[in-house]
Amino acid sequence: MGEIEVNNFSLKYTIESGQFFRYYPIDGWYYIVSRNNVFKIKQEDNKLIYEGDCNEFFIREFLGLNDNMDEFIKFAKNKDLNKFLEKYPGIRIMKQDLWQCLVSFVCSSASNVKKIQLNLNLLSQYFGKQIKYDNKIFYSFPEPRSLNDLEKLKEAKTGYRANFLFNINNMVDETFIRNLRLVKYEKAKEILTSLPGVGEKVADCVLLFSLGHKNAFPVDVWIKRMMEELYFSGEKTSIKKIREFAEEEFGEHCGYVQQYLFHYGRMNG
DNA sequence: CTCCAGGTGCTTG
DNA sequence: CAAGCACATGGA
């Protein structure tokens, strides 16, 4: 059991803002599965309470607690984006396990949060290890190279994404992942999009939610709508134009702007 | 039963 | 480039 004092932070909005999928709300806690680690965490006012296979250092990085929000809040006010921060305050960009993040967002294409969670739960049951914690059964996230059975991938209801996952599984290992951490944004994006089933959007999600590139700006249908509404007087605008605009307008704050707009759009859409 | 969902890849103008 | 379409499958 440990405690961490936090400010400008909401565990609920961070966990539930669609960047991470393997969480289970039980008895007032969020049970979290990150690769082989299972732990539980809850927030009471400005206090985070955690227990299980984790430590303070990990939690701080995982939940983005080390990010300095003052600068972003100032930036957002300047750009007249207050309303999105005030509606769901305390969202942070998480820093997730890369492999788990990659597989998650490959599953996300033409899908929805609930189904993504179904896919990940089944994949973990079929390819992961059973972990008992608090008298409950969880399944670790499958290791790279372990998604090696196409039929089982299909049984996990991944549909047409099964082939993508099968091929990615053959292309990605720990060395591949280590290298990804060493290179800059552009190069990492180039490497990621060379994987089957990984386009610019999925790549940007991994770059943002796992590799910490806060200048990434994943453009999905929600962000597209929000951006068209806010900056293109409601006119249909190509994803390419939206991304270019965001890069120019938000720069290093792209990732945070995206996450606040996304959550707002999804909750009020 | 039909339509759509945190897209991607492939094919055509 | 931009537009159109197929791709599996659960849920509304």
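Each chain gets a letter, A, B and so on, in the order the sequences are listed, and its residues count up from 1.
Here, B:dG6 and C:dA2 have their C1' atoms 22 Å apart, quoted to the whole Å. Comparing the C1' positions of B:dT8 and C:dG11 gives a spacing of 23 Å, expressed to the nearest Å. The P atoms of B:dT11 and C:dA8 are separated by 16 Å, rounded to the nearest whole Å.
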What side-chain donor-acceptor pairs closer than 3.5 Å can you find for residues 244-254 of chain A, not counting sequence neighbours?
residue, atom, partner, partner atom, Å
A:Glu244, OE2, A:Lys240, NZ, 2.9
A:Glu249, OE2, A:Lys79, NZ, 3.4

Kindly list each side-chain donor-acceptor pair under 3.5 angstrom involving residues 146-153 of chain A, sequence neighbours excluded, with atom names and distances?
residue, atom, partner, partner atom, Å
A:Ser146, OG, A:Glu143, N, 3.2
A:Ser146, OG, A:Glu143, O, 2.5
A:Asp149, OD1, A:Glu151, N, 3.0
A:Asp149, OD1, A:Lys152, N, 3.1

Note to self: How would you summarise protein contacts on nucleotides 5-12 of chain C per nucleotide, using B for base, S for sugar-phosphate only and - for none, with heavy-atom distances below 4.0 Å?
What the structure shows: --BBBS--

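Ring geometry for A:Tyr256 against A:Phe72 counts as tilted: the plane angle lies between 30° and 60°, on a 0 to 90° scale. In this structure, A:Phe164 and A:Tyr160 have perpendicular ring planes: the angle between them is above 60°, well past the 30° mark. Between A:Tyr13 and A:His263, the two ring planes are tilted [angle within 30° to 60°].
Using a 4.0 Å heavy-atom cutoff across all strands shown, A:Thr193 reaches no nucleic acid atom at all. When heavy atoms are screened at a 4.0 angstrom cut-off, A:Gln258 is found touching base atoms of the nucleic acid. No contact: A:Gln117 has no heavy atom under 4.0 Å from any strand.
Here the options are A:Lys42, A:Gln43, A:Lys40, A:Glu16, the test is side-chain hydrogen bond (donor to acceptor under 3.5 Å, both in side chains), and the partner is A:Tyr30; only A:Glu16 passes. The side chain to side chain contact (heavy atoms under 4.5 Å, CB included) test with A:Val106 singles out one residue from A:Val206, A:Asn119, A:Val198, A:Ile116, and that residue is A:Val198. A salt bridge (charged side-chain N to carboxylate O under 4.0 Å, His left out) with A:Asp67 is found for exactly one of A:Lys214, A:Lys95, A:Arg92, A:Arg60, namely A:Lys214.
Within a heavy-atom distance below 4.0 Å of DNA chain B, no residue of residues 233-251 of chain A is found. DNA chain B is contacted by A:Leu195, A:Pro196, A:Gly197, A:Val198, A:Gly199, A:Glu200, A:Lys201, A:Val202, A:Asp220, A:Val221, A:Trp222, A:Arg225 of residues 195-225 of chain A, taking any non-hydrogen atom closer than 4.0 Å.
In this structure, CG in A:Asn8 is found 12.0 Å from CD1 in A:Ile91, a value given to the nearest 0.5 Å. Note that CZ of A:Phe105 is 5.0 Å distant from CZ of A:Phe209, once rounded to the nearest 0.5 Å. In this structure, OG in A:Ser210 is found 12.0 Å from CH2 in A:Trp99, a value given to the nearest 0.5 Å. Atom CD of residue A:Gln100 and atom OG of residue A:Ser34 lie 5.0 Å apart, to the nearest 0.5 angstrom. Remark: A:Phe21 CZ to A:Leu120 CG distance equals 7.0 Å, nearest 0.5 Å.
In summary, contact between chain A and DNA chain B, defined as any nucleotide atom under 4.0 Å from a heavy atom of the protein, begins and ends at B:dA5 to B:dG9 in the 5' to 3' direction.
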